[in-house]
Amino acid sequence: MSLSLCEYGETSAPLLVFLHGGGVSGWMWNEQIEAFPDYHCVVPDLPGHGGSRHLDFTMKGTAGLLLTMIEEKSSGKPVHLIGFSLGAQLIVQMLSMNPHCAETAIINSALTRPMPSLIPVIRPLVRLTHPLTRLRWFAKLQARSLRLPNVLVENYWEESRELKASTLEQILVENMSFKIPPSFQETTARVLVTAGGKERTIMKKSAEDIQTKAKGSLYMFPGVGHGAPLANPDSFNHLVRKWGEDHTKRSHFL
């Protein structure tokens with residue numbers, strides 16, 4: 001059982017692993033791939049999404065698959081992890097399962113404060129709204145909330161149509177139940193935690209929690225909500241490159 005993935009760039013260079021959010025797939029990183037031709041970029045589709053839609057999603061199971069994939073692809077090279085939303089939660093899980101799996105990590109918009117009161121309503125809510133995902137106008141509204149550029153709206157619509165209701169339920173339950181594992185604080189990776197300045201308070205508090213546990217750095221993208229890599233790709237790409245190339249540890253960034 002393996003993940004569907006795409007590889008780009010210089011295969012002898014350090015490894016950049018991009019992990020997408022829920023409801024999209026590897027194509028959300030197109031702007032990043034173009035910006036890093038001098039790195040070995042690996043972009044997997046997470047279980048339930050894109051080319052990996054046949055696989056079931058669980059946080060720990062997916063993290064295990066990703067760790068195996070990284071071991072196969074890195075061949076001893078430096079590894080840098082970049083994740084958005086669901087993909088960012090997976091980085092927290094991966095670093096908890098293998099504290100030494102990466103040299104650096106950028107964790108963007110990871111929810112780590114569980115919302116148990118919402119778990120019981122996930123199934124009826126998905127059953128009510130899932131049929132809407134097959135409608136183009138609804139997909140456009142959702143894409144707008146993610147700040148997707150127009151050229152990616154069709155990708156998002158196709159992805160939404162393929163995402164099964166049962167898969168969406170499972171992802172939402174895992175997402176809203178996720179909390180930072182105790183072993184996360186043992187990671188040796190240099191961790192940069194980011195979020196949008198306009199995100200919900202719970203997301204900002206989650207970012208602060210991760211930063212504290214990892215003894216890392218924290219940066220808020222000004223004027224941006226959920227979806228900084230898509231809303232402001234140039235700024236995000238600059239941050240990724242600087243964080244990966246700057247090996248001086250420090251408590252604040254930018």
Side-chain angles (χ1 to χ4, degrees), residues 17-25 28-29 44 46-49 56-64 66 81-97 102 105-123 125-126 129 142-143 145-148 156 159-160 163 167-185 187 189 191-222 224-232 236 239:
V17 179
F18 292 94
L19 303 179
H20 64 78
V24 294
S25 57
M28 75 157 281
W29 298 111
L46 300 178
H49 301 77
D56 293 330
F57 182 91
T58 65
M59 198 68 71
K60 290 183 179 179
T62 302
L66 289 166
L81 305 176
I82 303 97
F84 165 65
S85 196
L86 186 68
Q89 289 177 316
L90 281 165
I91 291 178
V92 174
Q93 184 65 51
M94 292 161 66
L95 293 176
S96 302
M97 293 167 63
I106 295 180
I107 299 171
N108 178 241
S109 298
L111 177 66
T112 60
R113 293 196 172 194
M115 297 187 286
S117 62
L118 295 181
I119 302 300
V121 305
I122 287 177
R123 178 168 293 180
L125 182 63
V126 169
T129 61
Q142 295 295 100
S145 70
L146 283 173
R147 302 292 294 273
L148 284 175
Y156 181 75
E159 197 77 34
S160 299
L163 188 62
T167 300
L168 181 57
E169 288 176 18
Q170 180 63 26
I171 289 171
L172 289 173
V173 168
E174 294 272 337
N175 172 262
M176 294 183 183
S177 304
F178 186 71
K179 58 183 179 181
I180 303 172
S183 56
F184 176 68
Q185 61 188 1
T187 184
V191 175
L192 173 61
V193 189
T194 68
K198 291 186 175 181
E199 294 210 62
R200 295 175 298 163
T201 299
I202 192 172
M203 195 67 75
K204 294 178 181 178
K205 292 294 184 182
S206 292
E208 293 171 0
D209 292 345
I210 300 169
Q211 184 230 354
T212 300
K213 294 288 186 182
K215 298 180 177 63
S217 298
L218 178 65
Y219 178 71
M220 296 289 177
F221 287 93
V224 176
H226 195 65
L230 294 161
N232 197 342
F236 189 84
L239 182 147

* Minimum side-chain heavy-atom gap Pro114-Ser177 below 4.5 Å -> no
* Could you go step by step and tell me if Leu90 and Met59 meet the side-chain contact (heavy atoms from CB on, under 4.5 Å) rule? -> CA-CA 6 Å; Leu90 281 165; Met59 198 68 71; 3.6 Å; yes
* Asked: Going by distance alone, is a donor N or O of one side chain under 3.5 Å from an acceptor N or O of the other, for Gln170 and Glu174?
  -> yes
If you round to the nearest 0.5 Å, how far is [atom2] of [Y] from [atom1] of [X]?
| X | Y | atom1 | atom2 | result |
| --- | --- | --- | --- | --- |
| Ile106 | Leu192 | CD1 | CG | 5.0 Å |
| Leu66 | Met94 | CG | CE | 5.0 Å |
| Leu125 | Glu169 | CG | CD | 10.0 Å |
| Asp209 | Thr112 | CG | OG1 | 5.0 Å |
| Asn108 | Leu19 | CG | CG | 12.0 Å |
| Ile107 | Ile82 | CD1 | CD1 | 11.0 Å |

* **Gln89 side chain vs Leu111 backbone, donor-acceptor pair below 3.5 Å** =>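 Such a contact is found between Gln89 side chain and Leu111 backbone.
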* Backbone N/O of Ser85 and side chain of Ser109: donor-acceptor pair under 3.5 Å ->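 Such a contact is absent between Ser109 side chain and Ser85 backbone.
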* Take atom NZ of Lys204 as the centre, draw a 6.0 Å sphere, and report whether it contains more than 12 heavy atoms from other residues, nucleotides or ligands. => yes
* Can you sort out the partners of Ala189 under side-chain contact (heavy atoms from CB on, under 4.5 Å), two or more places apart, ordered by chain and number? => Leu95, Thr187, Val191
I need the minimum non-hydrogen distance between [X] and [Y], along with the two atoms involved.
| X | Y | answer |
| --- | --- | --- |
| Ile91 | Gly83 | CD1-N, 3.2 Å |
| Arg113 | Ile202 | O-CD1, 3.7 Å |
| Gln93 | Ala63 | CG-CB, 3.6 Å |

* Among Phe84, Phe236, Trp29, whose ring pair (Phe, Tyr, Trp, His ring centres under 6.0 Å) with Phe18 holds? -> Trp29
* Intermediate values then yes/no, side-chain contact (heavy atoms from CB on, under 4.5 Å), Leu86 and His20 -> CA-CA 7 Å; Leu86 186 68; His20 64 78; 5.9 Å; no
